[in-house]
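So the structure is just underneath, and the comments pick up after that.
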Amino acid sequence: MTIGIIGGGQLGMMIAEAASKQGVSCIALDPNPDCSCKYVCKEIICGEYNDISKLEELGKKCDVITYEFENILASPLEFLVKNYNLPQGIRQLFDSQNRIREKDNARKFGLLTPPYRKVTSKEELISALDEIGYPAIYKTTTLGYDGHGQYKINCLADVNNVVLAAEGILEGYVKFDYEASIIMIRDKEKIVSLPIAINKHKNGILDLSIVGIEKPIFNEIKKASYQFMIETNYYGILTIEYFVKDDKFYFNEMAPRPHNSGHYSIEGATFSQYDLLVNYLVGKKLEEPKLISPTIMKNILGFDYDVFKNFKPSENVYLHDYHKKEVREKRKMAHITFTNLTLDEYQSKYKNMFKGEEE
Ligand code: AMP
């Protein structure tokens with residue numbers, strides 16, 4: 001059995017690691033022959049994600065296909081779905097590729113979102129600000145990730161700092177208590193989900209995922225997210241990120257692939273998001289994952305990579321290096337999972353070791 005992965009980054013690498021534990025091999029398609037997947041996949045098909053001939057090669061060599069990368073065009077995907085085995089289908093991927101479409105879809109299927117307006121010009125931005133008020137946040141509708149192309153607007157003068165994309169979205173800024181994410185995996189029988197993570201970001205990039213703090217609202221988040229998965233008729237893996245404010249939770253975005261906030265599950269849960277995705281892809285029964293202990297995942301960006309390289313693994317401290325050749329300041333290079341550790345303990349033991357830590 002071979003799984004084909006579109007994208008050869010760290011998410012693909014961790015899918016392939018989980019697959020190999022089950023005796024399943026993987027082939028990844030990536031433009032970079034030195035991508036993270038190189039270290040675990042039996043082959044890297046070197047090519048662009050939208051190149052039909054490369055997708056065809058992947059399809060022919062693999063029994064089942066998944067993706068760890070979201071920005072694949074609709075037409076190559078349709079080609080794949082028609083001709084090969086992509087059990088997740090393409091609808092959730094398509095729905096997630098544009099922030100306006102994604103939020104329209106979330107609202108249509110019962111989830112609350114921050115207020116938002118489509119923006120294609122400075123005039124539209126100003127009139128959207130009139131309606132939504134301050135603070136607000138401007139984002140590109142497509143190809144945005146980790147805070148790229150985003151501007152917080154606190155007053156009218158801030159409009160001058162915004163570099164407008166051909167199409168953007170203005171969202172009301174939610175002064176949330178915290179951010180939370182749920183990762184669900186659904187097959188024909190049932191939905192299972194990982195324990196909900198509380199996520200802390202720094203400059204728009206995930207910094208810490210904290211798991212093991214139970215909030216009463218998590219039951220409601222789980223119920224609404226399962227309902228969303230069922231009503232949209234999505235299968236496979238889906239992550240939804242929410243902003244939680246008092247007794248409300250606002251849909252921010254979704255990703256139909258494993259998620260950074262689920263890395264903790266490799267050591268922190270009885271089944272990881274990667275194990276469950278592999279089970280889904282190879283048609284094995286899905287089991288409900290359970291948290292093993294309070295767990296914290298710390299993302300390592302380029303500016304902390306040297307600290308990471310000097311870090312020693314020890315009991316309850318697990319190092320994951322993505323083997324990226326090029327180190328860039330804000331590039332995700334690695335992560336550390338601390339099991340059996342609360343946030344207070346993390347802060348007193350480790351917080352000062354890293355730069356860019358949440359204040
Ligand atoms: P995104 O790319 O939409 O996930 O945004 C990156 C991060 O920016 C989020 O995880 C939040 O920390 C922050 N952010 C984005 N949109 C909003 C919003 N509407 N209100 C408050 N914070 C936001």
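The model shown is predicted, which means the values in this text are computed figures rather than measured ones. Start at 1 and go down the list; that is how both ligands and their atoms are numbered. Residue indices begin at 1 and follow the sequence shown.
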- Using a strict cut-off of 4.0 Å, indicate which atoms of ligand 1 neighbour a heavy atom of N252. 1 (P), 3 (O), 4 (O)
- Note on the structure: Rounding to 0.5 Å, atoms NE2 (H259) and CD1 (I240) come to a distance of 11.0 Å
- Message: Regarding atom 22 (N) of ligand 1: of the candidates Y178, F176, Y250, which has the closest heavy atom?
- Response: F176
- Message: So for ligand 1, is G172 a polar contact partner (N or O within less than 3.5 Å, distance only)?
- Response: yes
- Message: Heavy-atom pairs closer than 4.0 Å: do any link ligand 1 to the side chain of K175, the backbone, both, or neither?
- Response: neither
- Note on the structure: Checking heavy atoms under 4.0 Å, the part of N199 that sits near ligand 1 is neither
- Crowding at NZ, K349 (>12 non-hydrogen neighbours, <6.0 Å): no
- Query: Which of parallel (below 30°), tilted (30 to 60°) and perpendicular (above 60°) describes Y350 and F311?
  - Reply: tilted
- Query: Should you measure from each heavy atom of V174, which atoms of ligand 1 turn up under 4.0 Å away?
  - Reply: 18 (C), 20 (N), 21 (C)
- Query: Applying a strict 4.0 Å limit to heavy atoms, is K152 in contact with ligand 1?
  - Reply: no
- Message: Taking the basic N atoms (NZ, or NE/NH1/NH2) and the acidic carboxylate oxygens, is any pair closer than 4.0 Å for R91 and D95?
- Response: yes
- Would you say K60 has more than 12 foreign heavy atoms packed within less than 6.0 Å of its NZ? no
- Message: I want to confirm something. Looking only at heavy atoms, which of E102, K139, H201 is nearest to atom 3 (O) of ligand 1?
- Response: K139
- Item | Y250 six-ring face occupied by K245 cation (under 6.0 Å, within 45°) | no
- Note on the structure: ligand 1 atoms nearer than 4.0 angstrom to some heavy atom of R99 are 1 (P), 2 (O), 3 (O)
- Query: Can you tell me how far the CG atom of L164 sits from the OH atom of Y151, to the nearest 0.5 Å?
  - Reply: 8.5 Å
